Amino acid sequence: MSKALDGVRILDFTHVQSGPTCTQLLAWFGADVIKVERAGAGDITREQLRDIPDVDSLYFTMLNHNKRSVTIDTKNPEGKQVLEALIQKCDVLVENFAPGALDRMGFTWERIQELNPRMIVASVKGFGPGPYEDCKVYENVAQCAGGAASTTGFDDGPPVVTGAQIGDSGTGLHLALGIVTALYQRTHSGRGQRVLAAMQDGVLNLCRVKLRDQQRLERTGVMKEYPQYPNGKFGEAVPRAGNASGGGQPGWILKCKGWETDPNAYIYFITQAPVWAKICNVIGKEEWATDPNYATPAARLPHLKDIFAEIERWTMTKTKFEAMQILNKYDIPCGPILSMKEIAEEPSLRKTGTIVEVDHPTRGKYLTVGNPIKLSDSPTEVTRSPLLGEHTDEVMAELGYSPEQVSALRTAGAI
Ligand code: COA
């Protein structure tokens, strides 16, 4: 079966996490992704957080599936020529270098346009134009500058970053959407364009609800679904909300049976208004269904802490899976806190290809996260990440270089 992006060639100049997540997605959708790396070194993540000596790390392998790897020294004049040939042959150049690096290499937007006016040049940067545009940025910097950290954690503690890589992988997702949108526009404009996804912007986009709350707070001085209500204090900015739900249906994380020894024996419980009577029945507080102090969402807001404490008395008598099973019978929205170990072992995720086992020539078998986006006409088959420069000869031949020329370029240190 053909793939959605069959025929699209991506010149992948990305490294670390944000850019590689983007190009990996495009590869999963069928694009030919040619990753350019420096000979002898490669993407720095190949050697970061290694669990096996001299073997590409899981950090690298899990972000670079389905790609080809070529080595080019783009600061070497002959290496530059190879890169120019690739620019002429590809549809999209994706990069996430520090600001200005591509220009310093000699590949300005104007130069790329000269070489290939249909080329889409897609970049991840830490910040968009403004005071921080020249800064290098990593994941947690973006989480802090994008508003996530100030709104994550508990009221009495410091700002907290989240394990979800919303700065890197989140921005990679944004960039991938920008790229396919630009490819679509090119079908009628015939022109390439620049696509920029700034990590601060991507994180803020994912924190949209907190900017909503900032404006609610400024108007009313209070947010009744936040744990600060009714006894705590609100300041000028959206406070950290602990585990409160970001939406209109109050929720909290509650202990389940075994919590004393298992750090993940918890469940997320949502007191969704339409099932309030059922919740009251399940926890044995039938009278709350009609008690005017509890019967309506507005009446419940000042008592949320007590309500969750009462529900927790019930959840503590069940494992998170037992609780989930019972609550789902009544359509009560809830979710177990799953550890990475439980997720890795979950058969249904293996079945859908969301967790995939991949074989690698030097590493052996390992688990990875497959394509979370499923297209019925473009199924994803996850193949291993390339070894450094594994496809240099193959790609050079496709560019029209003879084996002798390739060998000379290698001797000159250009590839
Ligand atoms: N041949 C020759 N030189 C190459 C090369 C190649 N194939 N590939 C990269 N380089 C050079 C670059 O030209 C640059 O050189 P210069 O600084 O002399 O111009 C150099 O390698 C390093 O690139 P840089 O991007 O500055 O790497 P870094 O390790 O210092 O910084 C980041 C890493 C992630 C902080 C930085 O790239 C960045 O801020 N990127 C944008 C935001 C981002 O994506 N952050 C998240 C990463 S997960």
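Counting starts at 1 for both ligands and their atoms, in listed order. Values in this document were obtained by computation on a predicted structure and should not be read as measured data.
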S.K.: Checking side-chain polar atoms at under 3.5 Å, does E95 have a donor or acceptor matched by the opposite partner on S123?
M.R.: yes
S.K.: Contact between ligand 1 and E139 is defined here as a heavy atom of the residue under 4.0 Å from a ligand atom; is it met?
M.R.: no
S.K.: With respect to F13, determine whether any N or O atom, backbone or side chain, lies less than 3.5 Å from an N or O atom of ligand 1.
M.R.: no
S.K.: Out of K75, M199, R38, Q165, who gets a non-hydrogen atom closest to atom 5 (C) of ligand 1?
M.R.: R38
S.K.: Taking only heavy atoms of D73 into account, list the atoms of ligand 1 that are under 4.0 Å away from them.
M.R.: 1 (N), 2 (C)
S.K.: With a cut-off of 4.0 Å, which atoms of ligand 1 are near a heavy atom of H15?
M.R.: 25 (O), 27 (O), 33 (C), 37 (O)
S.K.: With distance as the sole criterion, is a donor-acceptor pair present between the side chains of N96 and S18 under 3.5 Å?
M.R.: yes
S.K.: Based purely on interatomic distance, does K125 place a nitrogen or oxygen under 3.5 Å from a nitrogen or oxygen of ligand 1?
M.R.: no
S.K.: Any idea which atoms of ligand 1 are less than 4.0 Å away from a heavy-atom of D168?
M.R.: 46 (C), 47 (C), 48 (S)
S.K.: Does R384 pair with E390 as a salt bridge, N-O distance under 4.0 Å?
M.R.: yes
S.K.: At less than 4.0 angstrom from any non-hydrogen atom of Q17, what atoms of ligand 1 do you find?
M.R.: 48 (S)
S.K.: Quick one: look at T71 and ligand 1, take heavy-atom pairs under 4.0 Å, and tell me if it's side chain, backbone, both or neither.
M.R.: neither
S.K.: Suppose I only count heavy atoms of V124 and a 4.0 Å limit; which atoms of ligand 1 are within that range?
M.R.: 41 (C), 44 (O)
S.K.: Kindly confirm or rule out an N or O of N96 lying under 3.5 angstrom from an N or O of ligand 1.
M.R.: yes
S.K.: Side chain, backbone, both or neither: which applies to K136 and ligand 1 if a contact is any heavy-atom pair less than 4.0 Å apart?
M.R.: both
S.K.: Mind telling me whether H65 and W28 have parallel, tilted or perpendicular rings, with 30° and 60° as the class edges?
M.R.: parallel
S.K.: Between I279, I270, V282, which is the residue that forms a side chain to side chain contact (heavy atoms under 4.5 Å, CB included) with L327?
M.R.: V282
S.K.: If the contact criterion is a heavy-atom separation under 4.0 Å, does G19 count as touching ligand 1?
M.R.: no
S.K.: Regarding atom 33 (C) of ligand 1: of the candidates Y138, F97, F127, which has the closest heavy atom?
M.R.: Y138
S.K.: Any ion pair linking K341 and E345 (charged N to carboxylate O, less than 4.0 Å)?
M.R.: yes
S.K.: Say you draw a straight line from CD of E312 to CD1 of I253; how long is it, rounded to the nearest 0.5 Å?
M.R.: 11.0 Å
S.K.: Considering only NZ, NE, NH1 and NH2 on the basic side and carboxylate oxygens on the acidic side, decide whether D43 and R46 come within less than 4.0 Å.
M.R.: no
S.K.: Within ligand 1, which atoms have a heavy atom of V16 less than 4.0 Å away?
M.R.: 47 (C), 48 (S)
S.K.: If I take atom NZ from residue K35 and atom OG1 from residue T23, how far apart are they, to the nearest 0.5 angstrom?
M.R.: 6.0 Å
S.K.: Under 4.0 Å from any heavy atom of I72, which atoms of ligand 1 are there?
M.R.: 1 (N), 6 (C), 7 (N)
S.K.: Mind checking salt bridge (charged side-chain N to carboxylate O under 4.0 Å, His left out) for D155 and listing every partner two or more places apart, or none if nothing turns up?
M.R.: none
S.K.: What about A101: any of its N or O atoms under 3.5 Å from an N or O on ligand 1?
M.R.: no
